[in-house]
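Some notes on the structure that comes next.
Sequence positions, counted from 1, serve as the residue numbers for this chain. Atoms within each ligand, like the ligands themselves, are counted from 1 in listed order. What you see is a predicted model, and the numbers here were worked out from it, not measured in a lab.
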Amino acid sequence: MNKETLLDLSSAQLTSLLADFSEPRYRVRQIQRAIYHDLVSDYEAISTIPKKLRASLAHSIPLQPLQPVDSMISPDKRTRKTLFRLPDGETIEAVLLFYDERRTVCLSTQVGCAVGCSFCATGTGLLTRDLTAGEIVAQALHFASKLREQEERLTNIVYMGMGEPFLNYEATMKSFRILNDPDGFALGARNFTLSTVGIIPGIERFTREGVQANLAVSLHSGDNVLRNRLVPINRRYPLEELIRTCRAYIEQTHRRVTFEVALIDGMNDSPEDARKVAALLSGLLCHVNLIPLNPVPSSPLRPSSRERIAAFARALEEAGIPVTVRLGRGVEIRAGCGQLRARNARSGVDRQ
Ligand code: SAH
Ligand code: SF4
């Protein structure tokens with residue numbers, strides 16, 4: 001049902017498609033340039049190739065799969081969130097964030113998520129399906145094109161939207177390769193961050209890839225009993241094994257791991273909770289990001305106060321763990337994982 005589009009094709013696959021059309025090799029570069037550099041979104045706009053080839057391509061494979069159906073921009077205009085419809089009618093969302101000099105897009109990798117974290121809007125639903133590489137790539141290209149209209153450039157890509165990237169490993173890594181390919185979108189590997197809830201086999205596989213992309217792990221607690229409640233997959237991949245896997249990743253790649261902690265009022269935000277996180281991460285080449293919970297309408301969980309977040313950060317600092325507090329941004333436009341989609345599902349809104 002999820003039909004392949006041109007954005008699903010690696011350089012080699014595109015080359016082979018054009019060979020099937022008996023086209024000269026340089027057509028590959030012309031098409032790649034049009035899509036990933038000029039950011040065209042339909043074949044008619046690829047003026048460098050013959051009309052006949054445009055028609056043949058349009059006849060055999062759609063260029064891209066996404067149709068934007070709803071968008072919200074925060075009052076300060078620094079967060080833009082878009083809901084897309086996929087060819088099979090499913091919907092996903094992606095977010096563009098302006099932060100200092102960075103222009104970061106946050107990509108979804110699945111429709112829904114099977115992990116079911118208790119505080120996450122995506123996790124309250126089930127997994128409907130994996131996205132294809134092309135559906136992931138298309139989200140980035142959509143925002144790259146929006147940025148181009150403002151004479152801006154996309155600088156960073158984070159896999160932190162709906163879904164668990166390492167439970168859709170192949171498509172996620174293929175999308176990374178296409179977006180990183182010097183002949184594709186050509187964004188440097190160090191500008192990518194993949195965020196996982198802690199899927200150990202995925203982290204091990206990612207370690208073996210030997211790529212320069214960053215790894216983020218959603219930790220949320222340094223205590224197995226509490227983490228089992230917040231992140232149910234902790235029962236399968238408990239903290240000790242998760243940290244052992246992260247340590248192996250760091251030893252192999254010499255790269256710093258980012259640990260994400262969403263602070264929930266009265267749940268995981270006490271000084272004792274901070275000390276447990278510090279003890280767990282002691283001696284690791286890492287960085288902790290503290291994020292106040294983005295409240296989900298259907299959930300009683302609330303974000304921690306600024307004071308408690310500051311105290312948590314201090315406790316980590318005192319233990320020698322580098323930490324950054326990321327104060328809630330985009331709450332006004334429901335930038336939290338899966339929230340725009342949830343709103344749309346409830347109200348049946350369908351606006352352009
Ligand atoms: N499945 C992956 C990536 C997508 S979620 C993961 O869990 O890491 C991206 C990040 O958003 C994760 O760190 C996740 O814990 C966080 N997140 C989800 N819901 C949130 C909420 N309501 N408030 C704050 N952070 C949230
Ligand atoms: Fe899935 Fe990540 Fe949400 Fe957990 S936080 S339910 S793993 S998307």
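The shortest N or O to N or O distance between Leu293 and ligand 1 is not below 3.5 Å. Between Tyr159 and ligand 1, a contact under 3.5 Å exists for no N or O pair.
With a 4.0 Å cut-off on non-hydrogen atoms, Thr196 touches ligand 1 through its backbone and not its side chain. Here Glu260 has side-chain heavy atoms under 4.0 Å from ligand 1, and that is the only part of it that gets that close. Heavy atoms of His220 found under 4.0 angstrom from ligand 1 belong exclusively to the side chain. Residue Cys117 touches ligand 2 through backbone and side chain together, judged by heavy-atom distances below 4.0 Å.
Each of the following atoms of ligand 2 lies closer than 4.0 Å to a heavy atom of Gly116: 6 (S). Set against the non-hydrogen atoms of Gly163, the atoms of ligand 1 under 4.0 Å away are 1 (N), 2 (C), 3 (C), 4 (C). Of all the atoms in ligand 1, the ones that sit under 4.0 Å from a non-hydrogen atom of Met160 are 4 (C), 5 (S), 9 (C). Atoms of ligand 2 found under 4.0 Å from any heavy atom of Val197 (numbered from 1 in listed order, with element): 7 (S). Counting atoms of ligand 2 from 1 in the listed order, those under 4.0 Å from a heavy atom of Cys113 are 1 (Fe), 6 (S), 7 (S), 8 (S). Near Gly161, meaning under 4.0 Å from any of its heavy atoms, are these atoms of ligand 1: 4 (C), 5 (S). Close approach of ligand 1 to Cys120 is summarised as follows: ligand atoms under 4.0 Å from at least one heavy atom of the residue are 18 (C), 19 (N).
Between Phe119 and His220, a ring centre-to-centre spacing shorter than 6.0 Å is recorded.
Under 4.0 Å is where a charged nitrogen must lie from a carboxylate oxygen, and between Glu260 and Arg326 no such pair does. Classification of Lys81 and Glu93 as a salt-bridged pair holds, one side-chain N sitting under 4.0 Å from a carboxylate O. Classification of Arg153 and Glu101 as a salt-bridged pair fails, no side-chain N sitting under 4.0 Å from a carboxylate O.
Two residues are said to be in side-chain contact when any heavy atoms from C-beta on lie closer than 4.5 Å; Glu241 and Ile200 meet this criterion. Side-chain contact check for Ile31 versus Leu6: some heavy-atom pair is nearer than 4.5 Å. Looking only at side-chain heavy atoms (C-beta outward), Gln64 and Ile35 stay at 4.5 Å or farther from each other.
When Val296, Thr258, Val231, Asn294 are checked for heavy-atom proximity to atom 21 (C) of ligand 1, Asn294 turns out nearest.
Aromatic ring orientation, Phe143 versus Phe84: perpendicular (interplanar angle above 60°, classes split at 30° and 60°). Ring-plane geometry between Phe176 and Phe192 is classed as perpendicular, the angle between the planes exceeding 60 degrees on a 0 to 90 degree scale with a lower cut at 30.
Cluster membership for Leu14 and Tyr26, using ILVMFWY side-chain heavy atoms within less than 4.5 angstrom, is not shared.
Under a 4.0 Å heavy-atom criterion, Gly163 is in contact with ligand 2.
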